[in-house]
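To start, the structure itself, in structure tokens.
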Amino acid sequence: MPELPEVETYRRILERHATGKTIAAVSVRDAGVLAGVTSRALSGALRGRTVMGARRHGKIVFADLGPGPWLVLRFGMTGDLVPLGAGEEPRFARVVLRFLEGGGLAYTDARKFGSLALAVSPEAYLASGRIGPDVLAVAPAAFAREAARRRAPIKAVLLDQALLAGVGNLYADEALFQAGIHPATPASRIDAAGLSSLHAVVRRVIARAVAIEADWSRLPRRWLLPWRDAGGPCPHCGSPLRRLRIGGRTSVFCPSKQRRRR
DNA sequence: TTTCATGTTCAGCA
DNA sequence: GTGCTGAACATGAA
């Protein structure tokens with residue numbers, strides 16, 4: 001279940017369960033999740049290396065293995081990172097790492113939209129893809145300036161990883177809900193102050209979700225997300241929530257709180 | 001059986 | 001070249 005808050009919990013899992021440990025074995029159960037590397041090359045590059053730590057940028061996790069290439073983990077729609085005891089192997093495990101000291105980690109991904117890759121460094125990897133600054137790190141003015149020249153719906157702009165890395169479909173809906181902005185509003189129709197405050201809302205929403213470790217049972221009941229799937233009433237005004245397809249993704253919003261502008 | 005899905009990428013069009 | 005939209009990817013769950 002990976003947007004930035006979920007991916008941050010994966011980073012912590014990696015840090016907690018792998019830091020200081022040495023990779024003894026790499027089992028690729030489905031090479032379909034490997035990007036730009038063969039099973040053999042991945043195993044060769046990882047075996048014998050010690051995990052020094054883990055970084056995150058947007059929805060991407062980088063495992064620091066000391067001198068040599070970094071391991072890059074992306075989670076697609078259904079990726080997860082699962083700590084393993086001896087002999088365990090979860091459903092949908094695609095790659096399994098076992099540590100010399102015992103235990104292991106499984107990279108699971110039912111739909112296989114995620115990927116594992118090797119990179120010279122996080123910086124090199126990010127520069128070669130089109131990944132913008134992490135949403136928790138970028139300055140509001142920079143976001144407002146960029147977004148103001150887009151004519152696409154604000155919802156699509158929030159999801160553009162080249163502009164803001166880390167915002168996904170669900171938290172984008174939450175932020176627009178809290179900001180009172182209709183998801184189909186052309187970004188260029190929102191003034192600078194509106195874009196800046198939207199940016200602040202996005203950061204607050206994502207920071208809060210990180211703080212509760214992306215545990216949805218702990219989401220505030222006044223948020224949209226607990227009610228989003230049920231199509232249930234707006235937690236503020238009771239209006240039936242509405243759904244709309246924007247930029248190929250489903251948007252859920254409150255038609256009364258988020259009025260359409262054009 | 002059909003529809004939908006927390007992401008990314010690419011072809012095609014204006 | 002630029003910006004935008006929609007399809008495709010592979011698969012499980014409702």
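All heavy atoms count here, side chains included; hydrogens, waters and symmetry mates do not. In the text below, chain A, chain B and the rest are named by the order of the sequence lines, each starting its count at 1. Everything numeric in this text was worked out from a predicted model, so none of it was measured.
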Between A/Thr250 and B/dA5, does any side-chain N or O lie under 4.0 Å from OP1 or OP2? yes
Please report the closest heavy-atom contact between A/Tyr125 and A/Ala119, naming both atoms and the distance. CB-CB, 3.8 Å
Using the six-membered ring of A/Trp227, assess whether NZ or CZ of A/Arg222 lies under 6.0 Å from its centre and within 45 degrees of the ring axis. no
Could you tell me whether A/Tyr171 contacts a base, only the sugar-phosphate backbone, or nothing, with contacts defined as non-hydrogen atoms closer than 4.0 Å? nothing
Rounded to the nearest angstrom, tell me the gap between atom CZ in A/Arg150 and atom P in C/dT2. 13 Å
With respect to the side chain of A/Arg74, which nucleotide from C/dA10, B/dT8, C/dC4 is positioned closest? B/dT8
Just N and O in the side chain of A/Arg249: are any of them under 4.0 Å from OP1 or OP2 of B/dT6? yes
As a test of reading the structure: which of B/dT8, C/dG12, B/dA5 is closest to the side chain of A/Lys59, going by heavy atoms? B/dT8
Check every strand shown and say whether A/Gly248 touches a base, only sugar-phosphate, or nothing at a heavy-atom separation below 4.0 Å. nothing
Taking only the side-chain heavy atoms of A/Arg243 (C-beta and beyond), determine which of B/dT8, C/dT5, B/dA5 contains the nearest atom. B/dA5
Length of the line joining A/Asn169:CG and B/dG7:P, which is rounded to integer Å: 6 Å
Which listed nucleotide (B/dG7, B/dT8, B/dA5) is nearest to the side chain of A/Arg111? B/dA5
Quickly work out the A/Gln161 CD to B/dT9 C1' distance and round it to whole Å. 13 Å
Show your working on ring-ring contact (aromatic ring centres under 6.0 Å, His included) between A/Phe177 and A/His236 and close with a plain yes or no. CA-CA 10 Å; A/Phe177 172 75; A/His236 289 190; 5.1 Å; yes
Using whole Å, what does the distance between atom C1' of nucleotide C/dC9 and atom CE of A/Met77 come to? 11 Å
With a cut-off of less than 4.0 Å, is there a side-chain N or O of A/Arg151 near OP1 or OP2 of C/dG3? no
What is the pairing partner of C/dA10, taking Watson-Crick or G-U wobble pairs with both distances under 3.5 Å in any strand? none
Here the distance between atom P of B/dC10 and atom CZ of A/Phe113, to the nearest Å, is 14 Å
Same apolar cluster: A/Leu4 and A/Leu225, side chain cutoff 4.5 Å: yes
Any strand counts, and the cut-off is 3.5 Å on both contacts for Watson-Crick or G-U wobble. Which nucleotide pairs with B/dT6? none
Just checking, is any N or O donor in the side chain of A/Ser251 or A/Arg243 under 3.5 Å from an acceptor N or O on the other one? no
Measure from CG on A/Asp173 to P on B/dA5 and round the result to the nearest Å. 11 Å
Whole angstrom value for the distance that separates C1' of B/dT8 from CG of A/Asp109: 12 Å
Touch check for A/Arg91, heavy atoms < 4.0 angstrom, all strands: base, sugar-phosphate only, or nothing? sugar-phosphate
Nearest whole Å is fine: how far is B/dT6 C1' from A/Arg228 CZ? 8 Å
OP1 or OP2 of B/dA5 under 4.0 Å from side-chain N/O of A/Arg245: yes
Give me the atom names and distance for the closest heavy-atom approach of A/Ser239 to A/Cys237. OG-SG, 3.0 Å
Does A/Pro153 reach a base, just sugar-phosphate, or nothing at all? Heavy atoms under 4.0 Å. sugar-phosphate
Residue A/Ala152, side-chain atoms from C-beta onward, closest of C/dA10, C/dG12, C/dT5: C/dT5
Can you tell me how far P in C/dA10 sits from the matching atom in B/dA11, rounded to whole Å? 16 Å
